[in-house]
Amino acid sequence: MALLLALGIAILITPGVRRFAFKIGAIDKPDHRKVHAKIMPRLGGLAVFLAFAVTVLLTQQLDNRIIGLLVGGLLIVLLGILDDTKGLPAKVKLVGQIVAAAAVIPFGVQVEFITNPLTGNMVQLGIWGIPVTIFWIISVTNAVNLIDGLDGLAGGTSFIAAITLAAVTWRQASLPGGTGMEVVVLAVILAASILGFLRYNFFPAKIFLGDTGSMFLGYALSTLAVMGVAKAATAISVIVPMVIMGIPLLDVFFAILRRYQSHRPIFQPDKEHLHHRMMALGLSHKQTVLAIYAINLLLGISAFLLTVISTSQAVLLLLIIAVVIIVAANKIGIIGKATKTITVSQNLQQRSSKM
(Lines give C-alpha, C1' and ligand atoms only; values in the text may rest on other atoms or scores of the structure.)
Protein backbone atom coordinates (compact mmCIF):
# COMPACT_ATOMS: atom_id res chain seq x y z
CA MET A 1 0.00 0.00 0.00
CA ALA A 2 2.80 2.42 0.90
CA LEU A 3 4.64 1.54 -2.31
CA LEU A 4 1.57 2.22 -4.47
CA LEU A 5 0.83 5.45 -2.62
CA ALA A 6 4.36 6.80 -3.14
CA LEU A 7 4.34 5.74 -6.79
CA GLY A 8 0.95 7.35 -7.39
CA ILE A 9 1.81 10.63 -5.66
CA ALA A 10 5.03 11.00 -7.66
CA ILE A 11 3.24 10.34 -10.97
CA LEU A 12 0.41 12.75 -10.15
CA ILE A 13 2.35 15.73 -8.80
CA THR A 14 5.40 15.78 -11.08
CA PRO A 15 3.60 17.66 -13.92
CA GLY A 16 2.53 20.31 -11.39
CA VAL A 17 6.08 20.58 -10.07
CA ARG A 18 7.25 20.98 -13.68
CA ARG A 19 4.94 23.96 -14.18
CA PHE A 20 5.99 25.40 -10.82
CA ALA A 21 9.67 25.14 -11.82
CA PHE A 22 9.09 27.26 -14.91
CA LYS A 23 7.08 29.76 -12.84
CA ILE A 24 9.82 30.39 -10.28
CA GLY A 25 12.70 30.22 -12.74
CA ALA A 26 14.14 26.86 -11.68
CA ILE A 27 15.42 26.09 -15.16
CA ASP A 28 18.56 24.56 -16.66
CA LYS A 29 19.95 26.34 -19.71
CA PRO A 30 22.18 24.51 -22.24
CA ASP A 31 25.92 25.19 -22.22
CA HIS A 32 29.14 23.59 -23.49
CA ARG A 33 29.24 21.01 -20.65
CA LYS A 34 25.65 19.79 -20.92
CA VAL A 35 24.11 17.34 -23.35
CA HIS A 36 20.62 18.86 -23.54
CA ALA A 37 19.93 21.46 -26.21
CA LYS A 38 16.90 23.29 -24.80
CA ILE A 39 15.80 24.96 -21.58
CA MET A 40 14.61 22.36 -19.07
CA PRO A 41 12.80 22.69 -15.71
CA ARG A 42 14.91 21.49 -12.81
CA LEU A 43 12.93 21.17 -9.58
CA GLY A 44 11.95 17.50 -10.08
CA GLY A 45 13.42 16.42 -6.77
CA LEU A 46 10.63 18.28 -5.02
CA ALA A 47 8.15 15.74 -6.42
CA VAL A 48 10.28 12.83 -5.17
CA PHE A 49 10.61 14.35 -1.71
CA LEU A 50 6.90 15.12 -1.39
CA ALA A 51 5.92 11.62 -2.53
CA PHE A 52 8.35 10.09 -0.03
CA ALA A 53 7.55 12.39 2.90
CA VAL A 54 3.75 12.29 2.52
CA THR A 55 3.76 8.49 2.20
CA VAL A 56 5.97 8.09 5.28
CA LEU A 57 3.80 10.46 7.32
CA LEU A 58 0.59 8.68 6.30
CA THR A 59 1.70 5.06 6.55
CA GLN A 60 4.56 4.73 9.02
CA GLN A 61 4.80 4.84 12.78
CA LEU A 62 7.14 7.74 13.38
CA ASP A 63 10.11 7.45 15.69
CA ASN A 64 13.02 9.80 16.35
CA ARG A 65 15.15 8.43 13.51
CA ILE A 66 12.41 8.74 10.91
CA ILE A 67 11.62 12.26 12.09
CA GLY A 68 15.33 13.09 11.82
CA LEU A 69 15.40 11.74 8.27
CA LEU A 70 12.42 13.88 7.28
CA VAL A 71 13.78 17.02 8.98
CA GLY A 72 17.20 16.63 7.39
CA GLY A 73 15.59 15.78 4.04
CA LEU A 74 13.51 18.95 4.21
CA LEU A 75 16.63 21.03 4.90
CA ILE A 76 18.52 19.55 1.96
CA VAL A 77 15.50 20.07 -0.32
CA LEU A 78 15.21 23.73 0.70
CA LEU A 79 18.93 24.13 -0.01
CA GLY A 80 18.43 22.50 -3.40
CA ILE A 81 15.50 24.76 -4.27
CA LEU A 82 17.63 27.82 -3.53
CA ASP A 83 20.43 26.44 -5.69
CA ASP A 84 18.08 25.52 -8.55
CA THR A 85 16.51 28.98 -8.60
CA LYS A 86 19.26 31.36 -7.48
CA GLY A 87 22.48 29.43 -7.92
CA LEU A 88 24.52 29.13 -4.72
CA PRO A 89 28.31 29.35 -4.33
CA ALA A 90 29.97 26.00 -3.65
CA LYS A 91 31.00 27.02 -0.13
CA VAL A 92 27.44 28.01 0.78
CA LYS A 93 26.14 24.69 -0.53
CA LEU A 94 28.73 22.81 1.50
CA VAL A 95 27.76 24.65 4.69
CA GLY A 96 24.11 23.87 4.02
CA GLN A 97 24.93 20.20 3.45
CA ILE A 98 26.85 20.06 6.73
CA VAL A 99 23.88 21.54 8.58
CA ALA A 100 21.49 19.05 6.99
CA ALA A 101 23.82 16.12 7.70
CA ALA A 102 24.28 17.21 11.31
CA ALA A 103 20.51 17.60 11.75
CA VAL A 104 20.00 13.83 12.02
CA ILE A 105 22.53 13.40 14.85
CA PRO A 106 20.23 14.61 17.69
CA PHE A 107 17.58 12.15 16.45
CA GLY A 108 19.84 9.14 16.98
CA VAL A 109 21.06 8.64 13.40
CA GLN A 110 24.78 8.12 13.78
CA VAL A 111 27.53 5.67 12.92
CA GLU A 112 28.30 4.26 16.37
CA PHE A 113 30.95 1.71 15.45
CA ILE A 114 32.94 0.37 12.53
CA THR A 115 33.63 -3.33 12.18
CA ASN A 116 37.21 -4.23 11.29
CA PRO A 117 36.81 -6.38 8.13
CA LEU A 118 40.09 -8.19 8.88
CA THR A 119 39.43 -9.23 12.47
CA GLY A 120 35.67 -8.83 12.84
CA ASN A 121 36.16 -6.72 15.97
CA MET A 122 33.94 -3.70 16.52
CA VAL A 123 35.65 -0.34 16.97
CA GLN A 124 33.43 1.99 19.01
CA LEU A 125 33.67 5.49 17.59
CA GLY A 126 32.18 7.45 20.48
CA ILE A 127 32.15 11.17 19.71
CA TRP A 128 34.10 10.50 16.48
CA GLY A 129 30.92 8.94 15.13
CA ILE A 130 29.54 12.45 14.56
CA PRO A 131 32.16 13.63 12.00
CA VAL A 132 32.19 10.15 10.39
CA THR A 133 28.40 10.31 9.94
CA ILE A 134 28.49 13.85 8.56
CA PHE A 135 31.36 13.02 6.19
CA TRP A 136 29.54 9.91 4.87
CA ILE A 137 26.26 11.77 4.27
CA ILE A 138 27.98 14.71 2.55
CA SER A 139 30.11 12.39 0.40
CA VAL A 140 27.15 10.40 -0.94
CA THR A 141 25.02 13.54 -1.33
CA ASN A 142 27.64 15.16 -3.56
CA ALA A 143 28.42 11.91 -5.39
CA VAL A 144 24.82 11.50 -6.55
CA ASN A 145 24.71 15.22 -7.35
CA LEU A 146 27.75 14.91 -9.64
CA ILE A 147 26.48 11.94 -11.68
CA ASP A 148 23.26 13.74 -12.54
CA GLY A 149 24.43 14.48 -16.07
CA LEU A 150 22.06 12.48 -18.29
CA ASP A 151 18.30 11.96 -18.39
CA GLY A 152 17.32 9.43 -15.75
CA LEU A 153 20.89 8.63 -14.71
CA ALA A 154 20.90 9.81 -11.08
CA GLY A 155 17.28 8.74 -10.59
CA GLY A 156 17.77 5.24 -11.98
CA THR A 157 21.05 4.78 -10.11
CA SER A 158 19.35 5.84 -6.87
CA PHE A 159 16.39 3.53 -7.57
CA ILE A 160 18.71 0.52 -7.92
CA ALA A 161 20.63 1.62 -4.80
CA ALA A 162 17.39 1.94 -2.79
CA ILE A 163 16.21 -1.54 -3.84
CA THR A 164 19.64 -2.99 -3.02
CA LEU A 165 19.66 -1.20 0.34
CA ALA A 166 16.22 -2.66 1.10
CA ALA A 167 17.36 -6.19 0.16
CA VAL A 168 20.59 -6.00 2.18
CA THR A 169 18.83 -4.55 5.23
CA TRP A 170 16.06 -7.17 4.96
CA ARG A 171 18.71 -9.89 4.90
CA GLN A 172 20.32 -8.51 8.06
CA ALA A 173 16.99 -7.89 9.80
CA SER A 174 15.86 -11.47 9.13
CA LEU A 175 18.84 -12.94 11.00
CA PRO A 176 18.41 -13.87 14.70
CA GLY A 177 18.51 -10.66 16.72
CA GLY A 178 18.49 -8.57 13.55
CA THR A 179 16.81 -5.17 13.39
CA GLY A 180 16.07 -2.57 10.75
CA MET A 181 12.86 -3.77 9.09
CA GLU A 182 11.53 -0.20 9.18
CA VAL A 183 14.52 0.83 7.06
CA VAL A 184 13.50 -1.79 4.48
CA VAL A 185 10.07 -0.16 4.19
CA LEU A 186 11.56 3.35 3.99
CA ALA A 187 13.96 2.28 1.23
CA VAL A 188 11.12 0.71 -0.76
CA ILE A 189 9.01 3.87 -0.37
CA LEU A 190 11.96 5.92 -1.63
CA ALA A 191 12.37 3.54 -4.60
CA ALA A 192 8.67 3.86 -5.47
CA SER A 193 8.87 7.66 -5.28
CA ILE A 194 11.83 7.64 -7.67
CA LEU A 195 10.11 5.22 -10.05
CA GLY A 196 7.06 7.47 -10.33
CA PHE A 197 9.29 10.43 -11.14
CA LEU A 198 11.33 8.45 -13.70
CA ARG A 199 8.22 8.33 -15.89
CA TYR A 200 8.99 11.98 -16.67
CA ASN A 201 12.76 11.95 -16.20
CA PHE A 202 13.91 9.04 -18.38
CA PHE A 203 15.19 9.91 -21.85
CA PRO A 204 13.88 12.11 -23.35
CA ALA A 205 13.27 13.88 -20.04
CA LYS A 206 10.48 16.37 -19.47
CA ILE A 207 11.97 17.53 -16.17
CA PHE A 208 15.31 17.21 -14.37
CA LEU A 209 15.93 16.25 -10.76
CA GLY A 210 17.94 19.41 -10.25
CA ASP A 211 20.14 19.84 -7.20
CA THR A 212 16.93 19.58 -5.19
CA GLY A 213 16.51 15.97 -6.27
CA SER A 214 20.06 14.71 -6.67
CA MET A 215 21.08 16.03 -3.25
CA PHE A 216 17.92 14.67 -1.60
CA LEU A 217 18.44 11.20 -3.11
CA GLY A 218 22.07 11.09 -1.98
CA TYR A 219 21.08 12.38 1.43
CA ALA A 220 18.23 9.88 1.87
CA LEU A 221 20.29 6.89 0.70
CA SER A 222 23.28 7.72 2.89
CA THR A 223 21.08 8.32 5.94
CA LEU A 224 19.12 5.09 5.40
CA ALA A 225 22.44 3.24 5.11
CA VAL A 226 23.46 4.61 8.51
CA MET A 227 20.08 3.60 9.96
CA GLY A 228 20.24 0.10 8.48
CA VAL A 229 23.36 -1.45 6.97
CA ALA A 230 25.83 0.42 9.20
CA LYS A 231 24.15 -1.06 12.29
CA ALA A 232 25.22 -4.58 11.33
CA ALA A 233 28.07 -6.12 13.30
CA THR A 234 29.31 -8.36 10.47
CA ALA A 235 32.91 -8.02 9.36
CA ILE A 236 32.04 -6.86 5.87
CA SER A 237 29.32 -4.37 6.84
CA VAL A 238 31.66 -1.37 6.53
CA ILE A 239 32.17 -2.14 2.83
CA VAL A 240 28.59 -2.95 1.78
CA PRO A 241 27.25 0.66 1.68
CA MET A 242 30.22 1.68 -0.48
CA VAL A 243 29.47 -1.12 -2.95
CA ILE A 244 25.79 -0.17 -3.06
CA MET A 245 26.74 3.43 -3.94
CA GLY A 246 29.65 2.24 -6.08
CA ILE A 247 29.09 4.19 -9.31
CA PRO A 248 28.57 7.66 -7.74
CA LEU A 249 31.43 7.24 -5.25
CA LEU A 250 33.84 5.83 -7.84
CA ASP A 251 33.01 8.57 -10.33
CA VAL A 252 33.86 11.19 -7.70
CA PHE A 253 37.04 9.36 -6.68
CA PHE A 254 38.27 9.05 -10.26
CA ALA A 255 37.40 12.70 -10.95
CA ILE A 256 39.53 13.82 -8.00
CA LEU A 257 42.39 11.51 -9.06
CA ARG A 258 42.15 12.66 -12.68
CA ARG A 259 42.19 16.36 -11.81
CA TYR A 260 45.06 15.90 -9.35
CA GLN A 261 47.15 14.14 -11.99
CA SER A 262 46.35 16.87 -14.50
CA HIS A 263 47.24 19.61 -11.95
CA ARG A 264 43.74 21.07 -12.17
CA PRO A 265 41.58 22.31 -9.28
CA ILE A 266 39.75 19.35 -7.73
CA PHE A 267 36.40 21.13 -7.88
CA GLN A 268 36.82 22.27 -11.48
CA PRO A 269 34.09 20.59 -13.58
CA ASP A 270 35.03 18.64 -16.70
CA LYS A 271 33.50 16.43 -19.39
CA GLU A 272 35.39 13.28 -18.49
CA HIS A 273 32.93 11.61 -16.10
CA LEU A 274 31.85 8.03 -16.74
CA HIS A 275 28.79 8.99 -18.79
CA HIS A 276 30.79 11.45 -20.88
CA ARG A 277 33.43 8.84 -21.70
CA MET A 278 30.86 6.16 -22.56
CA MET A 279 29.09 8.51 -24.97
CA ALA A 280 32.47 9.37 -26.48
CA LEU A 281 32.95 5.66 -27.20
CA GLY A 282 29.90 5.75 -29.44
CA LEU A 283 26.99 4.91 -27.14
CA SER A 284 23.83 6.96 -27.48
CA HIS A 285 22.32 8.94 -24.61
CA LYS A 286 19.84 6.17 -23.81
CA GLN A 287 22.36 3.35 -24.27
CA THR A 288 24.79 5.05 -21.90
CA VAL A 289 22.16 5.36 -19.18
CA LEU A 290 21.06 1.73 -19.59
CA ALA A 291 24.68 0.52 -19.54
CA ILE A 292 25.32 2.35 -16.26
CA TYR A 293 22.07 0.90 -14.88
CA ALA A 294 23.44 -2.56 -15.69
CA ILE A 295 26.70 -1.81 -13.88
CA ASN A 296 24.75 -0.54 -10.89
CA LEU A 297 22.65 -3.70 -10.89
CA LEU A 298 25.76 -5.89 -10.91
CA LEU A 299 27.21 -3.92 -7.99
CA GLY A 300 23.88 -4.24 -6.18
CA ILE A 301 23.88 -8.01 -6.61
CA SER A 302 27.50 -8.08 -5.41
CA ALA A 303 26.56 -6.04 -2.32
CA PHE A 304 23.82 -8.53 -1.47
CA LEU A 305 26.16 -11.48 -2.02
CA LEU A 306 28.64 -9.94 0.43
CA THR A 307 26.04 -10.39 3.17
CA VAL A 308 25.41 -14.10 2.49
CA ILE A 309 28.89 -15.49 1.81
CA SER A 310 31.78 -16.06 4.20
CA THR A 311 34.30 -13.35 5.02
CA SER A 312 37.08 -14.98 2.98
CA GLN A 313 34.75 -15.35 -0.01
CA ALA A 314 33.68 -11.72 0.43
CA VAL A 315 37.30 -10.54 0.38
CA LEU A 316 37.90 -12.51 -2.83
CA LEU A 317 34.78 -11.02 -4.42
CA LEU A 318 35.87 -7.51 -3.44
CA LEU A 319 39.30 -8.09 -4.99
CA ILE A 320 37.70 -9.25 -8.23
CA ILE A 321 35.39 -6.22 -8.27
CA ALA A 322 38.33 -3.87 -7.61
CA VAL A 323 40.42 -5.34 -10.44
CA VAL A 324 37.54 -5.21 -12.91
CA ILE A 325 36.76 -1.59 -11.96
CA ILE A 326 40.37 -0.43 -12.33
CA VAL A 327 40.86 -2.19 -15.69
CA ALA A 328 37.53 -0.94 -17.06
CA ALA A 329 38.05 2.62 -15.82
CA ASN A 330 41.50 2.74 -17.39
CA LYS A 331 40.21 1.35 -20.69
CA ILE A 332 37.30 3.79 -20.86
CA GLY A 333 39.62 6.68 -20.02
CA ILE A 334 38.32 8.05 -16.73
CA ILE A 335 41.64 7.45 -14.94
CA GLY A 336 44.64 9.63 -15.61
CA LYS A 337 45.05 12.34 -18.19
CA ALA A 338 42.51 12.12 -20.97
CA THR A 339 44.21 11.61 -24.30
CA LYS A 340 41.14 12.26 -26.41
CA THR A 341 39.54 15.22 -24.69
CA ILE A 342 38.98 17.13 -27.94
CA THR A 343 37.36 14.12 -29.59
CA VAL A 344 35.17 13.57 -26.54
CA SER A 345 33.97 17.17 -26.57
CA GLN A 346 33.27 17.06 -30.29
CA ASN A 347 31.27 13.84 -30.01
CA LEU A 348 29.19 15.22 -27.16
CA GLN A 349 28.54 18.46 -29.00
CA GLN A 350 27.47 16.54 -32.12
CA ARG A 351 25.07 14.41 -30.07
CA SER A 352 23.68 17.50 -28.33
CA SER A 353 22.98 19.18 -31.66
CA LYS A 354 20.95 16.16 -32.80
CA MET A 355 18.66 16.18 -29.72
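Since we're looking at a predicted model, the values are computed, not measured. Hydrogens, waters and symmetry mates play no part in the numbers below; they use all other heavy atoms, side chains included.
- Aromatic ring pairs are classed by plane angle as parallel below 30°, tilted from 30° to 60° and perpendicular above 60°; the pair Phe49 and Phe216 is perpendicular.
- Under the 4.5 Å side-chain criterion, counting only non-hydrogen atoms from C-beta, Leu190 is in contact with Leu217.
- Of all heavy-atom pairs spanning Ala291 and Met278, the tightest one is CB-CE, 3.4 Å.
- Side-chain atoms of Trp170 never come within 3.5 Å of backbone atoms of Met181 as a donor-acceptor pair (strictly under, hydrogens ignored).
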### Task
Assess whether side chain to side chain contact (heavy atoms under 4.5 Å, CB included) is satisfied between Val243 and Leu306, documenting all intermediate values.
CA-CA 9 Å; Val243 177; Leu306 289 174; 3.9 Å; yes

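- For the side-chain hydrogen bond (donor to acceptor under 3.5 Å, both in side chains) condition, the pairs that include at least one residue of residues 87-109, sequence neighbours left out, are Asp83-Lys93, Lys93-Asp211, Gln97-Asn142.
- Taken to the nearest 0.5 Å, the OG atom of Ser139 stands 11.0 Å off from the CE atom of Met245.
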Could you go through residues 3-24 and list every donor-acceptor pair under 3.5 Å that involves a side-chain atom there, pairing it with any protein atom two or more places apart or in another chain?
{"residue": "Thr14", "atom": "OG1", "partner": "Ala10", "partner atom": "O", "Å": "2.5"}
{"residue": "Arg18", "atom": "NE", "partner": "Lys206", "partner atom": "O", "Å": "2.6"}

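- Here the side chains of Thr223 and Trp136 are not in contact, with every heavy-atom distance at 4.5 Å or above.
- Here CG of Asp84 is found 11.5 Å from CZ of Phe208. Values are rounded to the nearest 0.5 Å.
- Contact annotation: the side chain of Leu150 never approaches that of Phe203 to less than 4.5 Å [non-hydrogen atoms, C-beta and beyond].
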### Task
Go through the steps to decide whether Thr212 and Arg42 satisfy the test side chain to side chain contact (heavy atoms under 4.5 Å, CB included), and finish with yes or no.
CA-CA 8 Å; Thr212 305; Arg42 302 186 65 179; over 6 Å; no

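- Residues Leu94 and Ile138 form a side-chain contact, since some pair of their non-hydrogen atoms from C-beta on lies under 4.5 Å apart.
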### Message
Applying side chain to side chain contact (heavy atoms under 4.5 Å, CB included) to Leu224 and Met227, what does each step give before you reach the verdict?
### Response
CA-CA 5 Å; Leu224 288 173; Met227 294 168 61; 4.2 Å; yes

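- With contacts defined as side-chain heavy-atom distances shorter than 4.5 Å, the pair Asp28/Ile39 does not qualify.
- In terms of heavy-atom proximity, Gly108 sits nearest to Arg65 at O-CD, 4.0 Å.
- One distance of note links CG of Leu221 with OG1 of Thr141; it measures 9.0 Å at 0.5 Å rounding.
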### Message
What verdict does the side chain to side chain contact (heavy atoms under 4.5 Å, CB included) test give for Val56 and Leu62, after you've listed the backbone C-alpha separation in whole Å, the side-chain angles of each residue and the deciding distance to 0.1 Å?
### Response
CA-CA 8 Å; Val56 170; Leu62 301 182; 4.1 Å; yes

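- In terms of heavy atoms, Phe113 sits closest to Leu125 at CA-CG, 4.1 Å.
- Scanning all heavy atoms of the two residues, the minimum distance from Tyr219 to Ile137 falls at CD1-CG2, 3.5 Å.
- The side-chain hydrogen bond (donor to acceptor under 3.5 Å, both in side chains) pairs that include a residue from residues 190-205 number zero, where partners must be two or more places apart or lie in different chains.
- Note that CD1 of Ile189 and CD1 of Ile194 are 12.0 Å apart. Values are rounded to the nearest 0.5 Å.
- The OG1 atom of Thr288 sits 9.0 Å away from atom CG of Leu153, with the distance rounded to the nearest 0.5 Å.
- Nearest heavy-atom pair, Val226 versus Val111, reported as atom, atom and distance to 0.1 Å: CG1-N, 3.8 Å.
- A heavy-atom distance below 4.5 Å is not found between the side chains of Asp151 and Phe202.
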